[in-house]
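Okay, so here's the structure we're looking at.
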Amino acid sequence: MNSDQTPRLPAVPDRPSLDGLEDKWNAAWSRLGTYTFRAGTPRARVYSIDTPPPTVSGSLHVGHVFSYTHTDIVARYQRMCGLEVFYPMGWDDNGLPTERRVQNYYGVRCDPSLPYDPDFVPPHEGADGKSVRAADQVPISRPNFVELCERLSAEDEKQFEALWRHLGLSIDWSQTYQTIDHHARATSQLAFLRNLARGEAYQQLAPTLWDVTFRTAVAQAELEDRERPGAYHRVGFKKVSDGVPVYIETTRPELIPACVALVAHPDDPRYQPLFGQEVEVPLFGTRVPVVAHHLAAQDKGSGIAMVCTFGDVTDVVWWRELHLPTRSIIGWDGRILADPPEGIDTASGKAAYAELAGLTTFSAQKRIVELLQASGDMVGEPKPITHPVKFFEKGDKPLEIVSTRQWYLKNGGVDLDLRAALLGRGQELDWYPDFMRVRYQNWVEGLNSDWLISRQRFFGVPFPVWYPLDGAGNPDYDHPITPAEADLPIDPASDVPAGYTEAQRGQAGGFIGDPDVMDTWATSSLTPQIACHWRDDPDLFAATFPMDLRPQAQDIIRTWLFATVVRAHLEAASLPWSKAAISGFILDPDRKKMSKSKGNVVTPMGLLEEHGSDAVRYWAACARLGTDAAFEVGQMKIGRRLAIKILNASKFALGFLAEGGTAGTPLALDPAAVTDPLDRSMLAALAEVVAKAGQALAAYDHVRALEATETFFWTFCDDYIELVKDRAHGQGDLAAVASARTALGLALDVLLRLFAPFQPFATEEVWSWWHADGASVHRATWPAPEELPAGGDPAVLALAGQVLGVLRKAKSEAKLSMRAEFASATVTVPTAGLAAAQAALGDIKSAGRARALTLAGGDVEVPALTASELVPPEG
RNA sequence: GGGCCCGUAGCUCAGUUGGUUAGAGCACCACGUUUACACCGUGGGGGUCCCCAGUUCGAGUCUGGGCGGGCCCACCA
């Protein structure tokens with residue numbers, strides 16, 4: 001396709017315009033397959049990109065436009081460098097946001113115990129915002145739920161695709177995936193089974209951070225701290241030996257029935273005498289030991305803390321390291337369990353517990369404070385404080401800690417050899433910008449457990465395992481039954497393991513499916529394997545993996561980036577990609593991160609339609625990787641101006657190409673025809689820009705490349721074109737005219753290619769004016785300095801521009817039109833530059849409208865007007 | 001508590017191993033309709049490079065200490 005990049009006779013529109021270019025060229029690119037990945041290309045000639053799959057249940061915002069533009073600039077540059085770019089697009093429709101949206105939109109909820117209903121019709125097809133109350137939601141099977149998800153996502157994906165196309169992303173739209181589709185589920189389950197077989201995935205019954213709203217376990221990476229009001233409650237625990245109270249201060253008095261010990265620092269002289277003694281838990285009568293541990297802070301509260309199972313993660317550490325018993329009192333719903341834990345044996349203790357049973361932790365706290373005050377065990381009133389509390393990042397209530405059986409994947413949180421290896425992967429990866437590597441290191445070094453990958457949700461990729469039930473109907477978790485890899489994906493809630501029948505489900509001696517689904521990151525961490533078709537296309541996988549680039553946001557280094565590194569390390573013993581490009585956030589003019597809640601979000605499509613895609617891309621391209629950028633409409637207007645200038649300057653230059661050749665053929669752009677020193681100077685300066693821009697883009701510094709190109713382009717327009725205008729129009733001898741026209745054509749040819757990654761629409765439009773149908777600037781070869789004539793002196797253009805500026809300034813200060821003529825003028829230039837300036841004398845005279853111009857060498861730093869006589873234009 | 005990034009013109013930002021008089025665009029002011037472009041052109045004004053102290057012949061740049069802004073992590077009784 002479009003192999004013919006040969007220039008033809010230019011056909012330049014009378015009034016070039018940016019309007020409609022997005023639709024026009026998207027249709028053409030789609031028709032011609034301009035961005036289609038050519039299968040069969042050897043790995044060394046492929047550049048593959050692990051595009052972030054946007055969450056389709058959310059909405060796109062300008063931050064997406066910003067960062068995806070950065071990636072597209074890379075893709076277009078690499079493609080022009082001759083690499084075959086593998087640039088897929090995924091849609092993230094797996095996980096809680098989609099689950100909630102499908103529930104509300106269709107009025108359903110997922111119940112994996114139900115069988116698939118092929119004729120199911122959703123009861124409700126509502127608009128967003130009008131959610132169906134949970135009580136009215138119809139339960140449906142997981143396969144039905146997945147179908148609805150795919151149906152709803154398909155609508156979103158159309159909108160997203162339209163936006164990406166309008167923005168000009170050079171994605172290969174035949175390479176798409178959904179994180180909940182058949183292929184992604186199969187890939188996710190296959191990777192899990194391999195992890196299981198190698199012992200990297202394992203189950204454990206252990207205290208787990210638990211969200212009581214979603215009723216699921218959450219992983220370390222999904223936590224965030226929020227400052228919350230709380231209060232210290234000073235409560236006395238009487239020593240068993242003498243009845244003298246020991247006072248602790250707690251923010252969670254409702255957990256007193258779960259108390260298993262008091263703990264103080266081993267060096268704390270106040271409490272050293274107590275170590276080994278027992279105290280009595282107030283209200284409940286349990287006897288607990290006073291123990292020592294170095295994590296107890298002497299300066300917090302009263303310096304001695306109660307250990308509960310479990311109030312926070314420190315409790316878990318104490319419980320584990322000091323081998324304390326377990327007294328759980330909080331259930332999966334976040335309420336106090338109906339029955340008291342072991343250890344509360346007295347009648348009064350049971351009575352006190354009964355006061356709390358069934359209450360939420362919030363209500364239980366109020367009640368127990370009343371009880372403690374009534375019994376005299378609490379001193380004074382609660383003392384209000386604010387303190388950080390752990391939340392699930394998507395949750396609204398503080399996390400609790402409950403003991404549950406969960407699946408874990410080794411990620412270096414426990415295995416220090418693995419941690420060292422993963423830190424090594426962080427070193428091996430090229431980071432843009434480099435300082436982002438530190439965030440990865442900090443995170444890996446701070447891991448305190450393996451990756452908890454199971455979620456007690458219904459929608460998602462199920463764990464592809466069943467468990468045999470023994471004669472008493474109890475599952476044997478240690479010997480899971482796994483499916484054949486060829487059968488994936490499976491749903492253990494509806495599929496039956498080999499050797500069993502559906503009738504044996506849940507029966508003694510039969511089997512039961514694993515009820516959980518995987519963490520959304522457990523699937524997203526496999527985007528390279530999904531996109532490159534690890535599971536089902538070995539040739540494509542070999543040609544694209546490990547990938548070249550992972551572009552992503554800085555806030556998900558600890559989740560998406562790290563998890564992807566883990567999966568590739570475990571499965572392929574390699575990095576998933578060699579480079580990571582980390583984009584910054586978009587800030588509103590008040591320097592706050594843009595967010596919906598602040599009501600300052602601009603819809604991307606409206607922005608593109610208002611300013612034009614090249615303009616918005618220009619704004620994005622002006623910001624470096626990893627640096628937060630302001631949302632600036634002004635910058636987009638500059639981008640639009642640049643795009644229009646490209647059209648107009650091209651119109652000017654191409655007009656002479658049409659004149660310059662014999663009828664029906666274009667002027668041959670023969671570098672040897674460029675003989676004039678000024679023309680050769682301009683092309684020499686351009687050659688430097690080509691080298692600089694190429695180096696910058698190769699180093700993922702698109703800002704520097706754009707800046708160099710843009711700066712040159714404005715000089716080219718304002719000085720060079722003005723200087724050679726008359727000559728290009730035909731003044732002077734034939735060789736001089738041909739030199740100017742050829743130089744204009746050569747420069748334009750190079751400039752369009754330099755701008756192509758940034759301004760794909762304007763450059764393609766101009767390219768089409770003088771290239772064969774189907775030829776695309778985006779499949780043209782990235783310019784090399786060698787294609788321009790060597791030996792020109794850049795100083796000629798620089799000095800000619802300065803002298804011209806001197807003449808312009810005189811007219812401006814005289815408040816005269818630039819058309820005003822000098823009867824005569826003398827400009828003194830630095831002696832060292834005199835020869836260079838003289839070389840352009842004719843063009844300077846012409847452009848400056850000087851009937852007589854003398855250039856004199858002198859001891860000046862910049863050219864200066866030393867004598868002049870201006871003649872106002874007549875009329 | 002640990003770490004990272006940032007602080008340069010009214011605004012958004014460049015300033016590459018230390019080296020002339022610190023730059024660009026926007027905004028602002030003045031002028032000009034000039035056959036590529038009024039979606040334009042030409043010219044101009046505008047800075048205590050956050051502060052202090054060092055290193056150096058020389059610091060926006062390097063070192064140390066502050067101040068201010070943003071972000072990440074942290075066992076949060």
Side-chain angles (χ1 to χ4, degrees), chain A residues 12 15-19 225-228 230 232-233 248-252 255 262-264 295-297 300-308 311-318 385-390 398 433 435-439 441-443 445-446 448 554-555 557-558 584-585 587 589 591-593 612 615 619 622-624 626-635 637-638 640-641 643-656 696 701 703-704 707 710-711 714 717-718 721-722 725 729 804-805 807-820 849 861-862 873:
Chain A
V12 184
R15 287 195 61 79
S17 165
L18 296 177
D19 296 338
D225 284 355
R226 297 181 198 165
E227 279 295 325
R228 278 304 171 100
Y232 279 127
H233 301 74
I248 60 109
E249 294 198 0
T250 177
T251 56
R252 304 277 320 256
L255 292 178
L262 299 189
V263 62
L295 284 182
K300 249 178 212 173
S302 58
I304 187 165
M306 68 170 182
V307 183
C308 306
D312 61 37
V313 293
T314 318
D315 282 343
V316 178
V317 174
W318 284 325
I385 57 160
T386 59
H387 61 155
V389 179
K390 283 202 189 307
F435 66 77
M436 290 293 179
R437 185 195 316 273
V438 177
R439 301 201 179 184
Q441 286 170 343
N442 285 348
W443 176 252
E445 285 163 358
N448 54 34
Q554 57 186 323
D555 56 336
I557 289 174
R558 67 175 183 171
F585 292 127
L587 309 174
R591 310 300 298 172
K592 296 282 182 340
K593 186 179 166 184
W619 159 71
C622 284
R624 292 177 299 175
T627 302
D628 294 346
F631 175 75
E632 259 201 302
V633 169
Q635 203 71 355
K637 291 182 175 166
I638 300 163
R640 184 175 180 85
R641 199 180 64 144
I644 291 168
K645 196 78 174 178
I646 289 171
L647 296 182
N648 284 317
S650 300
K651 178 190 164 191
F652 176 79
L654 291 176
F656 300 116
D701 188 350
V703 176
R704 192 178 291 272
E707 189 184 39
E710 193 188 4
T711 302
W714 286 106
C717 291
D718 296 344
I721 285 184
E722 292 303 322
K725 192 175 267 182
H729 273 299
L804 183 59
L807 299 177
R808 284 166 171 165
K809 183 173 179 179
K811 295 180 191 181
S812 183
E813 286 176 347
K815 298 191 187 300
L816 288 176
S817 160
M818 288 299 131
R819 227 172 24 168
R849 296 187 185 267
E861 291 184 4
V862 292

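Labels below follow one simple rule: chain letters A, B, ... track the order of the sequence lines, proteins then strands, and each chain is numbered from 1.
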### Query
When you check the phosphate oxygens OP1 and OP2 of B:C40, does a side-chain N or O of A:Lys645 lie under 4.0 Å from one of them?
no
### Task
Give one of base, sugar-phosphate or nothing for A:Lys809, where a contact means two heavy atoms less than 4.0 Å apart.
sugar-phosphate
### Task
Both distances under 3.5 Å, Watson-Crick or G-U wobble: report the partner of B:G45, or none.
none
### Query
For A:Leu295 and B:A77, what is the distance between atoms CG and C1' respectively, to the nearest whole Å?
12 Å
### Task
Using the C1' atoms only, state how far B:U35 lies from B:C40, rounded to an integer number of Å.
14 Å
### Query
So, is A:Thr251 near the phosphate of B:A77, with a side-chain N or O under 4.0 Å from OP1 or OP2?
yes
### Query
Which part of the nucleic acid does A:Trp619 contact within heavy-atom distance under 4.0 Å: base, sugar-phosphate only, or nothing?
nothing
### Base paired to B:C40 (Watson-Crick or G-U; both N/O distances under 3.5 angstrom)
B:G32
### Query
So what does A:Glu632 hit on the nucleic acid, given a heavy-atom distance under 4.0 Å: a base, only sugar-phosphate, or nothing?
sugar-phosphate
### Query
A:Lys725 near the nucleic acid: base, sugar-phosphate alone, or nothing, with a heavy-atom cut-off under 4.0 Å?
base
### Query
Can you list the residues that meet the salt bridge (charged side-chain N to carboxylate O under 4.0 Å, His left out) rule with A:Lys651, with sequence neighbours excluded?
none
### Task
Return the minimal non-hydrogen interatomic distance between A:Val12 and A:Leu654, and the atom names on each side.
CG2-CB, 3.8 Å
### Message
Can you see if the side chain of A:Arg558 gets near the phosphate of B:C73 - specifically, an N or O under 4.0 Å from OP1 or OP2?
### Response
yes
### Message
For A:Tyr232 and A:Glu813, find the nucleotide of RNA chain B closest to each by heavy atoms; which residue's nucleotide sits nearer the 5' end?
### Response
A:Glu813
### Query
Which whole number of Å gives the distance between the C1' atom of B:G60 and that of B:G18?
10 Å
#### Entry: salt bridge (charged side-chain N to carboxylate O under 4.0 Å, His left out) partners of A:Glu722, counting only residues at least two apart
A:Lys725
#### Entry: Whole-angstrom distance between B:G47 and B:C13, as gauged at atom C1'
14 Å
### Separation of the P atoms in B:G15 and B:A77, to the nearest angstrom
45 Å
### Message
Side chain of A:Met818 only, heavy atoms from C-beta on: which candidate in B:A36, B:U34, B:G41 is closest?
### Response
B:U34
#### Entry: Distance below 4.0 Å between A:Arg641 side-chain N/O and B:C26 OP1 or OP2
yes
### Query
Which part of the nucleic acid, if any, lies within contact of A:Ala643, taking any heavy atom under 4.0 Å across all strands shown: a base, the sugar-phosphate backbone alone, or nothing?
nothing
#### Entry: Residue list, salt bridge (charged side-chain N to carboxylate O under 4.0 Å, His left out) with A:Arg226, at least two apart or on another chain
A:Glu224
### Query
What nucleic acid atoms does A:Leu18 come within less than 4.0 Å of, heavy atoms only: base, sugar-phosphate, or nothing?
nothing
### Query
Reckon A:Arg704 touches a base, only the sugar-phosphate, or nothing at all at heavy-atom distances under 4.0 Å?
base
### Task
Determine the Euclidean distance between corresponding C1' atoms of B:U48 and B:G41; express it in Å to zero decimal places.
36 Å
### Task
Indicate whether OP1 or OP2 belonging to B:A77 is found under 4.0 Å from a side-chain N or O atom of A:His233.
no
### Task
Report yes if a side-chain nitrogen or oxygen of A:Lys815 is closer than 4.0 Å to either non-bridging phosphate oxygen (OP1 or OP2) of B:A30; otherwise report no.
no
At a cut-off of 3.5 Å, list every protein nitrogen or oxygen paired with a nitrogen or oxygen from nucleotides 3-6 of chain B, distance to 0.1 Å.
none

### Task
With heavy atoms under 4.0 Å as the rule, sort A:Ser812 into base, sugar-phosphate or nothing.
base
### Task
Remember a base hit wins even if backbone is also touched, and classify A:Glu722 as base, sugar-phosphate or nothing at under 4.0 Å, heavy atoms.
base
### Task
Output all residues satisfying side-chain hydrogen bond (donor to acceptor under 3.5 Å, both in side chains) with A:Glu249, sequence neighbours left out; order by chain, then residue number.
A:Arg234
### Query
What does B:G25 pair with, Watson-Crick or G-U, if both distances are under 3.5 Å?
B:C11
### Task
In whole angstrom, give me the gap between the P atoms of B:C26 and B:G44.
14 Å
### Task
Return the set of residues passing salt bridge (charged side-chain N to carboxylate O under 4.0 Å, His left out) with A:Arg849 (not counting sequence neighbours), or none when no residue passes.
none
### Message
With rounding to the closest Å, how many angstrom separate the C1' atoms on B:U55 and B:U63?
### Response
7 Å
### Query
Of all the choices, B:G32, B:U42, B:A36, which nucleotide is nearest to the side chain of A:Ser817 once you look at every atom?
B:G32
### Query
5'-most contact on RNA chain B: A:Ser650 or A:Arg808, nearest heavy atom basis?
A:Ser650
#### Entry: Interatomic distance at P, B:G19 relative to B:A27, whole Å
32 Å
### Query
If pairing requires Watson-Crick or G-U wobble contacts with both distances under 3.5 Å, which nucleotide is the partner of B:C4?
B:G70
